[in-house]
Amino acid sequence: MHITRLNPIRRHPPVQIAGGAAVNAASCPCHAVAQQSRDQIAVLIRSTAQACEHTRSVTARSASIQWTGAAATFFRDRLAADAAATALLDDQCHDMQLLLWSGGGL
C-alpha cells in the first residue's frame with residue numbers, strides 16, 4: 001500500500017451553535033489538537049508503510065536464496081509469518097487512515 005491519499009490540511013466549515021451564532025470550528029482548541037494528532041498519526045502511517053515495503057522487498061529477495069535443511073525451513077517459515085503480519089499491519093494502517101480522514105477518528 002502506498003500512502004498518497006492523505007489530506008494534511010483539513011478545513012472545517014463554520015458550525016452552528018445553540019444560540020444561532022456560527023463559530024469557525026478551526027478556532028476551537030480541540031479541533032487543533034485533533035488535527036495535530038491526525039498529522040502525527042499520518043507521519044507514523046507513512047513510516048510504517050515504508051517499513052512494510054522494505055519487509056516485502058526483503059521477502060521477495062530472500063526467495064532466491066539457495067539453501068536447504070532445517071534452518072532454511074525455519075527461516076522461510078518465519079519469513080512467511082512476518083510477511084503475513086506485514087500485510088495485516090499494512091491493511092490496518094490503511095483502515096486507520098480512512099477512519100481519521102472520514103471524520104470518524106479524532
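Computed from a predicted model, the values in this text were never measured in an experiment.
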>> Working to the nearest 0.5 angstrom, can you tell me the gap between Q97 CD and R46 CZ?
In response: 9.5 Å
> So, does S37 use its side chain to make a donor-acceptor pair with the main chain of V33 at under 3.5 Å?
Replying inline: yes
> If every non-hydrogen atom of T86 is compared with every non-hydrogen atom of R56, which pair is closest and at what distance?
Replying inline: CG2-NH1, 4.1 Å
> Are I41 and L100 close enough that some pair of their side-chain heavy atoms sits under 4.5 Å apart?
Replying inline: yes
> Between C93 and I45, which heavy-atom pair has the shortest distance, and what is it?
Replying inline: O-CD1, 3.8 Å
>> Quick check: is L79 connected to I65 through a chain of hydrophobic side chains (ILVMFWY, heavy atoms under 4.5 Å apart)?
In response: yes
> Under 3.5 Å, side chain of T55 to main-chain N/O of A51, donor-acceptor pair present?
Replying inline: yes
> Atom OG1 in T48, atom CG in L89: separation rounded to 0.5 Å?
Replying inline: 5.5 Å
>> Just verifying a value: how many Å separate E53 CD and Q50 CD, rounded to the nearest 0.5 Å?
In response: 9.5 Å
>> What's the separation between atom SG in C52 and atom NE2 in H94, rounded to the nearest 0.5 Å?
In response: 13.5 Å
